[in-house]
Q: 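I'd like to ask you about the structure that follows.
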Amino acid sequence: MARRRNSSAFEDIFGIAAMLPWWVGSILALLAYVILHRYASADVPTNVPPGQIGEMVVGQMTKTLAFYGQFIVPLLLLAGAVASFLGRRKREGLVRDVAGDKSGENLRTLNWSDFELLVGEAFRMRGFSVAEAGGGGPDGGIDLELRKGSEVFLVQCKQWRAYKVSVSVVRELFGVMASQGATGGFVVTSGTFSADARSFVAGKNIELIDGPALKAMIERVRAARPEMAVSAGRVPASVQTSAQTATPAAEPTCPRCGGRMLKRIAKQGANAGGAFWGCTAFPKCRGIKTIE
């Protein structure tokens with residue numbers, strides 16, 4: 001992943017607003033104008049004793065900066081809010097297009113940047129907080145950082161249609177996980193993984209998600225959230241029924257794959273005899289949750 005260049009204060013303001021929900025950015029724009037306008041309209045005394053000239057200069061500089069800032073900062077925040085709104089619409093559109101395409105062609109033809117947006121949105125729908133690392137190219141480095149509670153997961157996205165993801169990619173992620181103390185990691189591709197890559201993750205908290213698995217994950221989380229099933233809030237009764245019966249309210253969803261979980265009894269170890277939630281896809285997925 002390309003290293004980001006140093007950004008200016010203006011870019012930082014825009015970037016912060018773009019990461020927030022659009023309505024938060026809009027409120028911040030209004031608050032920024034009110035606060036800065038107050039300073040821009042303040043009277044700065046000019047006839048002051050010699051010992052207070054420094055304070056007068058500082059006051060005048062503050063007023064000047066506030067005068068320009070009352071227009072620039074709100075505009076940057078509003079621009080970031082617009083970017084946030086459009087970004088949200090684009091992510092939701094990518095999810096709809098991929099989930100509604102039975103052939104899988106929409107997933108295979110995504111460019112690398114849209115593929116990262118899609119993967120990030122899929123994990124958001126699974127309840128993760130997602131930080132998109134961005135970057136200047138289609139390869140290298142960690143693309144997403146996921147958080148759920150105190151746990152951190154790292155994600156590497158590979159939009160490779162013609163090649164299998166090799167074991168070296170998985171080893172790279174495993175090394176970064178160790179250096180950053182991450183709980184686990186995911187390698188997500190629109191293609192497939194080599195046999196060596198699948199063998200390497202055995203016993204490690206790394207999940208490999210290929211194209212079909214990603215599409216299935218998106219379909220599962222959309223089924224559990226009827227408001228995402230179709231646009232404009234038009235949810236057919238069949239979709240509502242499926243979403244209500246697919247995952248009973250008493251059963252949580254797997255934190256790793258988003259699938260159903262069942263109560264299981266630990267047969268060995270320190271918790272032998274104790275109950276816990278285990279993923280129904282075990283042993284392919286080893287996601288677990290404690291029963292509180």
Side-chain angles (χ1 to χ4, degrees), residues 1-44 57-99 110-138 141-148 155 157 218 221-222 225-235:
M1 177 166 298
R3 188 181 298 274
R4 288 186 176 182
R5 61 182 177 84
N6 293 330
S7 60
S8 68
F10 293 155
E11 291 172 321
D12 289 340
I13 293 172
F14 173 86
I16 291 172
M19 289 189 295
L20 295 170
W22 68 269
W23 56 270
V24 174
S26 300
I27 293 175
L28 289 177
L30 178 60
L31 291 175
Y33 176 79
V34 171
I35 294 171
L36 291 171
H37 180 72
R38 178 181 177 184
Y39 282 99
S41 304
D43 293 329
V44 178
V57 173
V58 172
Q60 190 61 49
M61 290 179 60
T62 301
K63 180 175 181 176
T64 301
L65 291 174
F67 175 79
Y68 292 104
Q70 67 180 330
F71 304 111
I72 296 174
V73 174
L75 285 176
L76 289 172
L77 290 171
L78 285 175
V82 171
S84 173
F85 176 78
L86 295 177
R88 170 59 56 187
R89 292 288 298 273
K90 181 174 184 178
R91 291 179 179 90
E92 292 175 352
L94 290 171
V95 169
R96 285 195 302 269
D97 291 344
V98 169
L110 288 177
N111 60 45
W112 69 267
S113 59
D114 284 350
F115 183 71
E116 288 184 12
L117 292 177
L118 172 70
V119 173
E121 186 65 15
F123 280 110
R124 281 193 187 91
M125 294 167 65
R126 284 176 53 179
F128 288 94
S129 173
V130 181
E132 296 165 350
I142 299 303
D143 301 303
L144 304 171
E145 182 180 284
L146 313 179
R147 291 184 179 272
K148 181 174 285 189
V155 182
C157 301
I218 291 172
V221 293
R222 289 183 84 241
R225 297 175 61 182
E227 73 276 8
M228 294 291 297
V230 292
S231 61
R234 296 186 296 272
V235 184

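Quick note: residue numbers are just sequence positions, from 1.
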Q: Enumerate the salt bridge (Lys or Arg N to Asp or Glu O under 4.0 Å) contacts for residues 13-32, please, sequence neighbours excluded, ordered by first and then second residue.
A: none
Q: Do L36 and V73 make a side-chain contact, defined as non-hydrogen atoms from C-beta onward lying under 4.5 Å apart?
A: yes
Q: Suppose we screen for side-chain hydrogen bond (donor to acceptor under 3.5 Å, both in side chains). Which residues come up paired with R89, at least two apart in sequence or across chains?
A: none
Q: Using side-chain contact (heavy atoms from CB on, under 4.5 Å) as the criterion, list what pairs up with L76, not counting sequence neighbours.
A: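 By the side-chain contact (heavy atoms from CB on, under 4.5 Å) rule, L76 matches F10, I13, I72.
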Q: Taking all heavy atoms of L75 and all of F71, pick out the closest pair and write down the distance.
A: CG-O, 3.1 Å
Q: Report, one line per pair, each donor and acceptor closer than 3.5 Å where one atom sits in a side chain of residues 14-33; sequence neighbours left out.
A:
| residue | atom | partner | partner atom | Å |
| --- | --- | --- | --- | --- |
| S26 | OG | W22 | O | 3.1 |

Q: Taking only residues two or more places apart in sequence, or in another chain, which ones meet S129 in a side-chain hydrogen bond (donor to acceptor under 3.5 Å, both in side chains)?
A: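 In terms of side-chain hydrogen bond (donor to acceptor under 3.5 Å, both in side chains), with neighbours along the sequence ignored, S129 is linked to no residue.
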Q: Return yes if some donor-acceptor pair links the side-chain N/O of R222 with the main-chain N/O of I218 below 3.5 Å, else return no.
A: no
Q: If you round to the nearest 0.5 Å, how far is CG of L94 from CZ of R96?
A: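 Separation between the atoms: 9.0 Å.
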Q: Look at E92 together with K90 and state whether they make a salt bridge at an N to O cut-off of under 4.0 Å.
A: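 Result for this pair is no, no salt bridge flagged.
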Q: Please report the shortest heavy-atom distance between V130 and G120, naming the atom on each side.
A: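 Reported closest heavy-atom pair: CG2-O, 3.5 Å.
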Q: Among residues at least two apart in sequence or on other chains, which ones pass salt bridge (Lys or Arg N to Asp or Glu O under 4.0 Å) with R38?
A: none
Q: Heavy atoms only: give me the nearest K63-A40 pair and the separation to one decimal.
A: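 Minimum heavy-atom contact is CE-O, 3.0 Å.
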